[in-house]
Undergrad: 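Sharing a structure, written as structure tokens. Questions coming.
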There are 2 protein chains.
Amino acid sequence: MTNYPNIAVDVVLFSYFEKALNVLLIQRNIAPFIGQYALPGVFLKEDEMADNAALRALKDETNVQIAYLEQLYTITDLHRDPRQRIISISYFGLVNQNDFTLSDGNEDASFVEWVNVNEIPTRLAFDHGEILEMALTRLRTKVQYEPIGFELLPEWFTLTELYDMYRIILQKEFDRRNFTRKVMSYGLIKKTEHKTGGHVGRKGQLYEFDLERYTELAKTGVYFEI
Amino acid sequence: MTNYPNIAVDVVLFSYFEKALNVLLIQRNIAPFIGQYALPGVFLKEDEMADNAALRALKDETNVQIAYLEQLYTITDLHRDPRQRIISISYFGLVNQNDFTLSDGNEDASFVEWVNVNEIPTRLAFDHGEILEMALTRLRTKVQYEPIGFELLPEWFTLTELYDMYRIILQKEFDRRNFTRKVMSYGLIKKTEHKTGGHVGRKGQLYEFDLERYTELAKTGVYFEI
DNA sequence: TCAAAAGTGTTCCGAATACACCCATGA
DNA sequence: TCATGGGTGTATTCGGAACACTTTTGA
């Protein structure tokens, strides 16, 4: 099936590891904006839904399961691409902090990289800087009323890891004891039988997200709040 | 300029009057879905931004200022239109409760109507029922943390009118004194020198939305909450 | 004078906040 | 034994929720 030459699907994919929030960027090796960083993207195919195009854009670049994906915004500005008018349907996604590998690039990209959101190049290709800004705002807002933050962590995590992640995403300091109490009060995470190890210091209790409990709560419209 | 035959812009426009939340629907007089209710919509032109297309879709049907307009969602399902694949970029808008007239219809629509959201026909054309559902959810959510509700009221309004509107939009009963206190505490509305009249009972103090105060608050990131 | 709409204060309870020390472990 | 990371309780404050009667006006 052929592509729509006028509709692109671009994705802002976030990951969290080593106490940093990262976004997946590629370096373009074709015109326009050759050499500049950009978001992964593809042209929509004529028989393809945009969600699938977003997944396809990522499949070229990473080998991981996408834990969360939602539509972000559709930009219809006339001159955002110097070649011709291209409409961008943008997506916002999260991946689990599991081991995963990035590919070496493809025909569009000389390489693919996780970039710390605090170290994003000032000029990205097209209007991708604005799209990224929008995605960051959405992530920071949404993480506060829906438990999507868990999607960025591995299956088992300590309360400290969860706490650190929220601090880093929200760029805000808050009290660890109050955070713990609040998180536990929702009953959305449950103890596992496992503990951390392989590091100095006391072993940590590992928890997991209780999906069952969440879907139950979601039905009655109760919202997670940090 | 020609249209993109594969991209539609559809709008869910809300109004509030006579203690009811209403949505603008047209009755189609062309195929497909002839005779059924649908959302106002147009095909995107090749040199037109989607926001402008949304305004154009409304200009055919109403003679009022659109007080608020934001993008809702882009639907890319393959078979939502029986003729061919058409992508819909949907918008969500609000109009002031001023005097305004609806037009008599145009080539696509035999008539245009404000329909109470509690009396929406069960089957709308295309997937417009789902779009409308999404818009209602967005309105009900957003009205609780951004002061967009004011866009539905005339310039001057009483606290009772404001209170009734929130009750009706949110379909929830709450205490009028608590509501008043909360609304006043933001300083977002200010007394005018005018009072209601022409009805039985005590004259009511008329208030207006303080836009200046709002933009000031918005800068520092303070949010209105009901 | 009565019906209709407008206006207004206080108490109570629960949640958010502020705050600091002990525990377990491996090097 | 010490450096590192994990774990936990209480007092105070503030905001949300519950609750009912008086005032003004025009018919």
Side-chain angles (χ1 to χ4, degrees), chain A residues 16-20 97 143-145 147 153-154 156-168 170 172-208 217 221-226, chain B residues 16-20 97 143-145 153-154 156-168 170-208 217 221-226:
Chain A
Y16 172 80
F17 55 80
E18 290 163 17
K19 301 205 178 186
Q97 179 201 9
V143 96
Q144 290 180 77
Y145 65 89
L153 289 176
W156 298 334
F157 49 85
T158 64
L159 290 178
T160 304
E161 283 167 340
L162 188 63
Y163 168 69
D164 282 341
M165 189 188 69
Y166 273 93
R167 265 190 331 138
I168 285 163
L170 297 174
K172 204 172 95 181
E173 295 301 315
F174 40 84
D175 188 86
R176 210 166 75 84
R177 281 165 298 182
N178 293 339
F179 174 84
T180 303
R181 187 183 319 118
K182 193 156 188 178
V183 166
M184 298 305 289
S185 75
Y186 296 109
L188 284 173
I189 61 175
K190 58 185 179 197
K191 277 190 187 179
T192 66
E193 294 173 350
H194 306 87
K195 289 191 180 287
T196 56
H199 59 81
V200 295
R202 181 171 173 172
K203 288 188 196 310
Q205 174 66 52
L206 287 166
Y207 291 83
E208 62 184 350
L217 281 180
V222 177
Y223 276 88
F224 175 82
E225 274 175 52
I226 291 296
Chain B
Y16 172 80
F17 55 81
E18 290 163 18
K19 299 205 178 184
Q97 178 200 9
V143 96
Q144 290 181 76
Y145 64 88
L153 288 177
W156 299 334
F157 48 86
T158 65
L159 290 178
T160 304
E161 283 167 342
L162 187 63
Y163 167 69
D164 283 340
M165 189 188 69
Y166 273 94
R167 265 190 331 140
I168 286 163
L170 297 174
Q171 299 183 295
K172 205 173 93 181
E173 295 301 314
F174 40 83
D175 188 86
R176 211 168 73 86
R177 281 166 297 183
N178 292 340
F179 174 84
T180 304
R181 188 184 318 115
K182 194 157 189 177
V183 166
M184 297 304 290
S185 76
Y186 297 107
L188 284 173
I189 61 174
K190 58 185 180 198
K191 277 191 188 180
T192 65
E193 294 173 352
H194 306 86
K195 289 191 180 289
T196 54
H199 60 79
V200 295
R202 181 167 171 174
K203 288 187 196 310
Q205 174 65 52
L206 287 165
Y207 291 83
E208 63 186 349
L217 281 180
V222 177
Y223 276 89
F224 175 81
E225 274 174 53
I226 292 295

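So you know, we letter chains A, B, ... as the sequences are listed, proteins then strands, and number each from 1. Because only heavy atoms are used, hydrogens play no part in the values below, and waters and symmetry mates are left out as well, while side chains stay in.
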Undergrad: What is the separation between atom CZ on A:F179 and atom P on C:dA18, rounded to the nearest whole Å?
TA: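 Between P of C:dA18 and CZ of A:F179: 16 Å.
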
Undergrad: Surrounding OH of A:Y223 (heavy atoms of other residues, nucleotides or ligands, distance under 6.0 Å), is the total greater than 12?
TA: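 Incorrect, the count does not exceed 12.
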
Undergrad: Would you name the heavy atoms of A:R167 and A:F174 that are closest together and state the gap between them?
TA: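 Looking at all heavy atoms of both residues, the shortest contact is N-CZ, 3.9 Å.
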
Undergrad: Write down the atom of B:T196, the atom of B:G204, and the distance for their closest heavy-atom approach.
TA: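 Shortest heavy-atom contact: OG1-N, 2.5 Å.
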
Undergrad: Hey, does the side chain of A:Q205 reach the backbone of A:T192 with a donor-acceptor pair shorter than 3.5 angstrom?
TA: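 Yes, because the side chain of A:Q205 sits within donor-acceptor range (under 3.5 Å) of the backbone of A:T192.
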
Undergrad: Give me the residues of residues 159-168 of chain B where at least one heavy atom lies under 4.0 Å from an atom of DNA chain D, by number, or none.
TA: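 Listed by number, there are none.
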
Undergrad: 5'-most contact on DNA chain D: A:T180 or B:K182, nearest heavy atom basis?
TA: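 This one resolves to A:T180.
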
Undergrad: For the pair made of CZ in A:R176 and P in C:dA16, what is the distance, rounded to whole Å?
TA: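 Answer to the nearest Å: 19 Å.
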
Undergrad: If you compare all heavy atoms of A:K191 against all heavy atoms of A:Y207, which two are closest, and at what distance to 0.1 Å?
TA: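 Smallest heavy-atom distance, with atoms named: CG-CE2, 3.5 Å.
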
Undergrad: First and last nucleotide of DNA chain D touching chain A, 5' to 3', heavy-atom cut-off 4.0 Å?
TA: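 Listed 5' to 3', the contact boundaries are D:dT4 to D:dT10.
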
Undergrad: Determine, for nucleotides 19-27 of chain C in 5'-to-3' order, which nucleotides have protein heavy atoms under 4.0 Å from the base (write B), from only the sugar-phosphate (write S), or from neither (write -).
TA: BB--BBBSS

Undergrad: Specify the residue among A:E225 and B:T196 whose closest nucleotide of DNA chain C lies further upstream toward the 5′ end.
TA: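 Nearest nucleotide further toward 5': that of B:T196.
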
Undergrad: To the nearest 0.5 angstrom, please state how far the CD atom of A:Q144 sits from the CG atom of A:L170.
TA: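 Reported value, rounded in 0.5 Å steps: 5.0 Å.
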
Undergrad: Tell me whether the rings of A:F224 and A:Y186 are parallel (<30°), tilted (30 to 60°) or perpendicular (>60°).
TA: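 Tilted: the ring planes of A:F224 and A:Y186 meet at 30° to 60°.
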
Undergrad: Please, which pairs that meet side chain to side chain donor-acceptor pair (under 3.5 Å) have at least one residue in residues 176-185 of chain B, sequence neighbours excluded?
TA: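 Matches after skipping sequence neighbours: B:T160-B:R176, B:N178-B:R181.
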
Undergrad: Listing request: all salt bridge (Lys or Arg N to Asp or Glu O under 4.0 Å) pairs with a residue in residues 194-208 of chain B, at least two apart in sequence or in separate chains.
TA: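 As it turns out, there is no salt bridge (Lys or Arg N to Asp or Glu O under 4.0 Å) pair with a partner in residues 194-208 of chain B once direct neighbours are skipped.
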
Undergrad: Find the distance B:Q205:CD to C:dA5:P and express it as a whole number of Å.
TA: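 About 19 Å, once rounded to whole Å.
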
Undergrad: So B:F179 and B:L162, do their side chains get closer than 4.5 Å, heavy atoms only?
TA: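 Yes, at least one pair of side-chain atoms sits under 4.5 Å.
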
Undergrad: Among all residues two or more places apart in sequence or in another chain, which pass the salt bridge (Lys or Arg N to Asp or Glu O under 4.0 Å) test with A:E225?
TA: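 Once residues adjacent in sequence are excluded, A:E225 has no partner under the salt bridge (Lys or Arg N to Asp or Glu O under 4.0 Å) criterion.
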
